[in-house]
Visitor: 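The structure is given below, and queries will be raised subsequently.
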Amino acid sequence: MSTDLERQARSERLAIYEDKHNWVLMQGAKAGIIFGIGGLIGSLAAQRYWKLYQRQSLPFKVFIGLSFPTGAFFTQTDRAAMYADRVHAAQFSITKEDEVDNANRVDTRVPQTTTEWLLKNKYTVLGYTWLSAMGVSMVYNFSRKDISMSYKIINSRMIAQTLAFAGMASLAVLAASATEEPEEKRDLHFERVISQKAN
C-alpha cells in the first residue's frame, strides 16, 4: 500500500516538474521568436540600406542574426526558471510574503563616500566601463584605414575587455580593503523555525 502511495506521489512530483520545465522553455521560445523576427527585420534593413553591413560575409551576418534570438532565449529561460523556483518555494515557506518584502527592501540612503558608492554600484560601474570603452575604441578603430573590419571589432572588444577586467580587479581590491563591517542580514524564515522549535 505504501509503495503505491510513494509511486503516486513520485509521479505527481515528476508531473509538476515537467509542467514547470515546459513553461520555462515556452517563455524562452516566445522571447526567441520575438527577438528572432526583430533580428531578421533588422538584418534585412541593414542589408538594404547600410553599405558597411552589405560588405560583410554571410557567416558574420548569420552570427549577428542568430545572436539576438539565442541571447533572448537564454536570458528569458533563466528569468522564468528563477520565477518558477520562487513560486514553488513559496508554497512551502512559513514566512509571510510581506515580511520578506520588508526584510529585502532596498536601502535608499545616499552613500556617504565614493568608495561606498562604488561598492554599492559595482556591477553598474563595470557595465558602463565596458560599454564606454567599447564605444570609444570602436570610434578610434573605425577611423583607421590600415586594418580590416574584423581586426577593428577584435581590437575594440579586447580593449573594452581589458578595461573591464582592470575595473573588476580594482573593485575587488577596494572591497577587500574596506574596513566597514558588513550589515548583518536577518533570515526571518530561519528565526521563525527556531522559535517554533523552542515552543
Side-chain angles (χ1 to χ4, degrees), residues 18 20-86 106-107 110-111 113-178 180 182:
E18 280 297 319
K20 183 175 84 166
H21 182 71
N22 291 337
W23 180 81
V24 166
L25 288 178
M26 190 56 68
Q27 299 306 307
K30 287 178 191 175
I33 289 169
I34 291 168
F35 277 82
I37 291 170
L40 180 63
I41 292 170
S43 179
L44 291 174
Q47 180 65 30
R48 182 170 184 139
Y49 299 111
W50 194 14
K51 299 275 188 219
L52 182 64
Y53 188 80
Q54 292 170 0
R55 291 194 303 262
Q56 301 307 311
S57 65
L58 181 61
F60 180 76
K61 292 175 185 175
V62 170
F63 166 75
I64 292 295
L66 289 178
S67 63
F68 290 103
T70 305
F73 174 81
F74 285 112
T75 302
Q76 188 58 36
T77 51
D78 191 40
R79 287 182 175 181
M82 287 189 293
Y83 174 78
D85 286 342
R86 281 193 203 110
V106 177
D107 183 13
V110 178
T113 64
T114 305
T115 303
E116 189 179 338
W117 184 87
L118 284 171
L119 292 176
K120 185 175 180 181
N121 301 294
K122 58 187 164 204
Y123 299 116
T124 306
V125 169
L126 282 175
Y128 281 120
T129 299
W130 182 87
L131 198 60
S132 56
M134 188 73 178
V136 170
S137 58
M138 286 284 268
V139 168
Y140 168 72
N141 280 308
F142 274 89
S143 67
R144 295 176 61 183
K145 304 292 183 200
D146 59 330
I147 57 175
S148 67
M149 173 63 68
S150 59
Y151 281 116
K152 291 177 183 179
I153 294 170
I154 291 169
N155 286 348
S156 300
R157 186 182 64 82
M158 293 302 289
I159 291 168
Q161 227 172 304
T162 303
L163 285 175
F165 282 137
M168 195 183 314
S170 302
L171 286 171
V173 168
L174 195 63
S177 64
E180 195 174 304

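We count residues from 1, following the sequence as given. Only heavy atoms go into these numbers, but all of them, side chains included; no hydrogens, no water, no symmetry mates.
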Visitor: In this structure, are over 12 heavy atoms from other groups packed under 6.0 Å from F142 atom CZ?
Guide: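 Yes, CZ of F142 has more than 12 neighbouring heavy atoms, counting only those of other groups under 6.0 Å.
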Visitor: Mind checking whether I159 and Y140 have side chains closer than 4.5 Å, heavy atoms only?
Guide: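 They are not in contact (no side-chain heavy atoms under 4.5 Å apart), so the answer is no.
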Visitor: Take T75 and F35, measure what side chain to side chain contact (heavy atoms under 4.5 Å, CB included) needs, and give me the verdict at the end.
Guide: CA-CA 12 Å; T75 302; F35 277 82; over 6 Å; no
Visitor: Between atom CE of M168 and atom NZ of K122, what is the distance when rounded to the nearest 0.5 Å?
Guide: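 Answer rounded to 0.5 Å: 11.5 Å.
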Visitor: Under the 3.5 angstrom rule, does the side chain of K30 hit a backbone N or O of Q76 as a donor-acceptor pair?
Guide: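 Side chain of K30 to backbone of Q76: no pair is present.
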Visitor: May I ask you to test the M138-K152 pair for a side-chain heavy-atom distance under 4.5 Å?
Guide: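 No, too far: nothing below the 4.5 Å cut-off.
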Visitor: I'd like to check N155 versus R144 (side-chain heavy atoms, cut-off strictly below 4.5 Å). Are they in contact?
Guide: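 In short, these two side chains touch, coming nearer than 4.5 Å.
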Visitor: For R48, look at atom CZ and say whether over 12 heavy atoms of other residues, nucleotides or ligands are found less than 6.0 Å away.
Guide: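 Open.
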Visitor: Could you tell me whether the side chain of I153 reaches within less than 4.5 Å of the side chain of M149, counting heavy atoms only?
Guide: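 Side chain of M149 against side chain of I153, heavy atoms only: contact under 4.5 Å found.
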Visitor: Under 3.5 Å, is there a donor-acceptor pair between the side chain of Q47 and the main chain of Q54?
Guide: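 Side chain of Q47 to backbone of Q54, a donor-acceptor pair under 3.5 Å: no, none is there.
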Visitor: Is there any salt bridge (charged side-chain N to carboxylate O under 4.0 Å, His left out) pair reaching into residues 67-86, and which pairs are they, with sequence neighbours excluded?
Guide: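 Residue pairs with at least one partner in residues 67-86: K20-D85.
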Visitor: Heavy atoms, side chains only, cut-off 4.5 Å: are L25 and F73 in contact?
Guide: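 Heavy-atom side-chain distance check passes, below 4.5 Å.
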Visitor: When the ring planes of Y53 and W50 are compared, do they come out parallel, tilted or perpendicular, using 30° and 60° as the limits?
Guide: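 Answer is parallel, since the angle falls under 30°.
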Visitor: Can you see whether S150 engages S148 through a side-chain donor-acceptor pair at a distance of less than 3.5 angstrom?
Guide: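 Checked: S150/S148 side chains pair up, N/O donor to acceptor below 3.5 Å.
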